[in-house]
Structure formats: structure tokens, C-alpha cells
Enquirer: 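One structure coming up, written as C-alpha cells, with questions to follow.
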Number of protein chains: 2
Amino acid sequence: MPPESSPTHPVVAPHAESRQHPVTRPSTGDELRATALAQFASIGFAGTSLQQIADAAGYSKSSVLYHFASKEALLGEVLTPAIDRLEVILGRFVAAPDGTASRRRFVDDFIDFLLEFRLELHTFINQAQSLRGIPVIDRAGLLIVRLSDTLCHEGASTEDRIRFGIALGGAAYTLVAGMTFLNKDIAPADEIRQALSVVITELLAPVAVHTSESRK
Amino acid sequence: MPPESSPTHPVVAPHAESRQHPVTRPSTGDELRATALAQFASIGFAGTSLQQIADAAGYSKSSVLYHFASKEALLGEVLTPAIDRLEVILGRFVAAPDGTASRRRFVDDFIDFLLEFRLELHTFINQAQSLRGIPVIDRAGLLIVRLSDTLCHEGASTEDRIRFGIALGGAAYTLVAGMTFLNKDIAPADEIRQALSVVITELLAPVAVHTSESRK
DNA sequence: GCAGGATTTGACCGATCGGTCAAGTAGGGT
DNA sequence: ACCCTACTTGACCGATCGGTCAAATCCTGC
């Protein structure tokens with residue numbers, strides 16, 4: 001029976017260290033997940049073969065299928081943490097009272113999400129339509145729609161929707177594809193974070209104004 | 001020998017009508033190009049098989065390979081018109097004197113380009129990294145870099161680069177993927193155009209200000 | 001009607017696809 | 001020593017991959 005996924009059980013190192021320092025080396029499953037994610041994001045799910053993933057990670061194809069029931073299951077395990085995180089962010093946002101401060105914190109949360117799960121977002125964003133029917137994809141799709149509806153309310157203008165779409169798709173592209181051939185990783189990291197914050201706020205702020213802080 | 005590509009020669013209908021009215025039905029090559037483009041954009045080049053393209057277009061796989069030398073050649077013919085158009089737009093922009101009016105016309109040209117070649121742009125934008133080495137892809141990559149450099153000048157800030165990336169990737173995403181599951185094609189078409197114009201100008205205007213119209 | 005190029009197609013090729021299976025190795029508890 | 005579990009792997013399966021080729025079929029000028 002494959003090692004069950006849910007929490008990657010540490011087994012050793014009683015003094016819990018979360019990051020993969022040489023003390024707690026990443027498990028085989030983690031290596032495979034990371035390798036698969038990189039391939040899914042750049043070549044696409046349909047275009048990535050289990051053999052490629054296995055070769056890139058230094059295992060055999062059979063080992064990949066030992067750790068994950070199928071290629072789709074592997075995709076599910078790869079994307080789930082990102083979707084969980086996005087769900088938390090959205091939940092926190094709808095729970096808080098409408099207001100500028102709440103909006104601002106949401107944007108901050110969202111940018112943290114973008115930076116941490118850029119590959120997962122890029123994978124989902126650009127392939128959701130062709131992967132419809134896979135549970136994890138459908139779940140993510142519903143989340144995105146909920147997010148859009150929450151940010152734009154019901155009577156949102158076309159411009160508001162387009163602002164949200166450009167922020168979402170633009171960030172996903174810039175942080176993954178654009179990063180590696182527009183600016184050759186010339187990125188002081190926190191400089192990127194700050195620039196991203198300015199632009200995303202600029203894109204999503206008008207939406208906030210329309211819906212809750214319109215005429216003060 | 002396959003029918004040569006360059007200009008789709010009409011053969012009939014001396015009174016030239018460019019659009020595919022029932023009078024001049026689209027040629028087999030055009031049908032295949034359109035079908036392939038749709039598949040490349042949604043499933044990805046690597047994930048699309050010649051069989052799928054043939055089936056979707058109502059031909060056999062052999063027919064596809066009769067009209068196009070290979071899968072890569074098909075990709076090339078599909079993307080080339082868009083790249084040609086982009087090249088013209090960029091050329092016109094660098095030829096004109098730096099100024100706000102020139103910038104504004106460039107944004108208009110660019111939005112026309114986005115709307116007309118949305119599938120081509122989406123295909124290239126999200127798969128350029130994994131398709132490096134294919135001539136048409138490398139050519140498009142160079143164009144994008146030139147475009148970025150022209151818009152941002154040399155000493156452009158990280159924020160400027162990110163603005164350009166978000167505008168480019170965001171528009172490509174919104175017009176293709178976002179369109180079909182965020183807003184169920186509720187799009188009065190010119191309403192989309194206008195909203196797009198506002199948001200793209202907003203994203204690229206600061207770049208213009210920095211480089212040429214900074215301190216008036 | 002007929003010749004001849006343009007087009008379409010099915011049969012076929014070696015390679016690779018996702019996935020199954022059984023044989024094997026490694027190591028810890030007893 | 002023993003066994004049991006976790007893990008890894010190569011051989012193998014039917015299906016499909018991109019691509020070749022030679023027979024059909026279609027269409028047009030004569």
C-alpha cells in the first residue's frame with residue numbers, strides 16, 4: 001500500500017523543523033511532487049509523461065506509480081495545498097466585515113499566496129479548461145469563481161471582471177513564464193514583492209471602491 | 001507536394017471577399033489551422049495529438065500531414081500571422097518619435113492585436129519556455145523581449161517590467177481562459193474592448209511617463 | 001471520356017504512453 | 001536468525017504517439 005498522503009509524517013526528528021534542512025531530508029513523495037509540479041507548470045499536464053517525471057527526479061516510472069495511484073492523483077496531491085490555502089484566504093475575507101482594511105489585508109494575503117504557490121497557480125490557471133472533470137481542478141475552478149464573485153459582487157461591471165482576470169492571470173504569468181525570459185531572474189525578491197503589491201492593489205482597488213466604499 | 005502556404009490563394013471568386021462567407025469557403029488548410037490553434041491553446045502543443053486535430057476538423061491524420069510537413073510546421077504556420085502582425089506594430093512604434101501620442105496609438109494597436117490573435121498569444125505566452133528551439137517560438141520570444149525593452153527602456157524599474165508582464169499575460173489569460181469560466185461569455189464585445197483599453201492603458205501608462213514624459 | 005495532378009485515406013512503423021504485476025532489495029523488531 | 005513492511009524496479013500490456021507510403025478518389029483541362 002502506498003504511503004498515505006495527508007500529513008507528511010516526519011517519523012524522525014522529534015524537534016520539529018518544518019523546512020527541508022539536511023537534517024530532515026525531503027521524502028521521496030515530496031521530491032516527486034516538486035518535480036512533477038515543475039513539469040506540469042512548464043510543459044503542461046497532458047504533455048508531461050510519468051517517465052519524464054521519474055527521470056528528472058531520479059526514480060523509475062514504477063516508483064512514481066507506487067507513491068501515487070495515477071497521474072491524475074499525482075496532479076491532485078500537487079495542487080491541493082495551494083487550493084487549501086486559497087480557501088483559507090477567501091474564507092477569512094468573507095468572514096471579515098466589508099471595508100478598506102479588510103480589502104487591503106486580502107490583497108496582502110493574496111500576494112503571499114501568489115509568491116508561495118506560483119507554479120501551482122500557473123498550472124491551474126492555464127489548463128483548467130482542458131482538465132475539467134478532474135476533482136481537484138473542478139474544486140479550484142469553483143474557488144476562483146467564488147473569489148471573483150466575492151470581489152466583484154453581483155452587479156459588477158465588465159471592467160471589474162477584467163481587472164480581476166488580468167490581475168490573476170497576469171501575476172501567474174509574470175511570476176513563472178515571464179520571469180525566466182523577460183528579466184533573467186534579476187530579482188531582489190522583496191523588490192518583486194513590493195512591485196507586485198503596488199500593481200495588484202492598483203488593479204483590485206477600484207473594485208473595492210465600487211462595492212463598499214463608493215461614495216463616502 | 002503539399003499546397004504551399006504563404007498566401008492562401010483563392011483559386012475561385014474573382015471578386016475578392018476576405019471573410020469566409022459561404023461563397024468562398026475556407027480551405028482545408030485554414031480549417032486545420034483553426035482547429036489546431038484551438039487545441040494548442042487549450043490543451044497545449046505537447047498535449048495535442050495530430051489525431052485529435054484531424055478528428056476535430058473532420059479529416060484523417062494523414063491529411064493533416066499532407067498539408068503540413070510535421071506537427072512543428074503546423075505550429076509554425078498557426079503562429080506566424082500573429083507574430084508578423086506584432087512585428088509590424090512594434091516597428092511602427094519604434095519608428096515614431098517618442099511621445100504620449102505615439103504611446104497611445106501603440107496601446108490601441110496592441111489591443112487590436114490582443115483581440116484578433118488572442119488564441120495565438122495565449123498559446124505562445126504559456127508554452128514558450130517548453131518549446132524553445134522551435135523556430136517560430138524563438139522568433140516570437142525575441143519579439144517579446146524587444147517589445148519589453150522598447151517599452152521599459154534600459155534603466156526600467158522592476159515595477160515597470162512587472163507591469164508589462166502582467167498586462168501581457170493577464171490579457172492573454174482573461175481573453176481566453178478567464179472568458180469561458182469566469183464570465184459565461186456575457187460580453188458585448190465592444191464593452192470588453194473598452195474595459196481592456198482602460199486597464200491596459202492604466203498598466204502601461206506609468207511606463208511611458210517614466211521614460212519620455214517624466215517631468216513636464 | 002480521359003489523362004494527370006491534387007487530395008484523401010488506411011495500413012503500417014518504431015517509439016512512447018499510462019498502468020499492472022511480480023520479483024526483488026533494505027532494514028527494523030522480535 | 002526470522003519475518004514483515006516499506007520501497008524500488010524491470011518486464012510487460014494494450015493503446016496511442018508522430019510520421020511514411022502507396023493505393024484510392026476527386027477534380028479539372030482537354
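Below, read A as the first sequence line, B as the second, and so on, with proteins coming before strands; counting in each chain starts at 1.
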Enquirer: Quick one: pull up OG in A/S63 and CG in A/L50 and give me the separation to the nearest 0.5 Å.
Expert: 12.0 Å
Enquirer: How long is the gap from CG on B/L168 to OH on A/Y173, to the nearest 0.5 Å?
Expert: 5.0 Å
Enquirer: Is the distance from OP1 or OP2 of C/dT8 to the nearest side-chain N or O of B/H67 less than 4.0 Å?
Expert: yes
Enquirer: Determine, for nucleotides 13-23 of chain C in 5'-to-3' order, which nucleotides have protein heavy atoms under 4.0 Å from the base (write B), from only the sugar-phosphate (write S), or from neither (write -).
Expert: ----SBBB---
Enquirer: Pick out the pairs of N or O atoms, protein on one side and nucleotides 25-27 of chain C on the other, that lie under 3.5 Å.
Expert:
none

Enquirer: Note down the inter-axis angle between the two ends of the helix from C/dG1-D/dC30 to C/dT30-D/dA1, five pairs each, to the nearest 10°.
Expert: 10°
Enquirer: Taking everything shown except B/Q129 itself, do over 12 heavy atoms lie less than 6.0 Å from its CD?
Expert: yes
Enquirer: Take atom CD in A/Q194; do more than 12 heavy atoms of anything else shown fall under 6.0 Å from it?
Expert: no
Enquirer: With the threshold set at 4.0 Å, does a side-chain nitrogen-carboxylate oxygen contact exist between B/D109 and B/R85?
Expert: no
Enquirer: Do the side-chain N or O atoms of A/Y66 get closer than 4.0 angstrom to the phosphate oxygens (OP1, OP2) of D/dC7?
Expert: yes
Enquirer: Can you tell me how the ring of B/F113 sits relative to the ring of B/F117, calling it parallel under 30°, perpendicular over 60° and tilted otherwise?
Expert: tilted
Enquirer: Between atom CZ in B/F68 and atom C1' in C/dT7, what is the gap in whole Å?
Expert: 13 Å
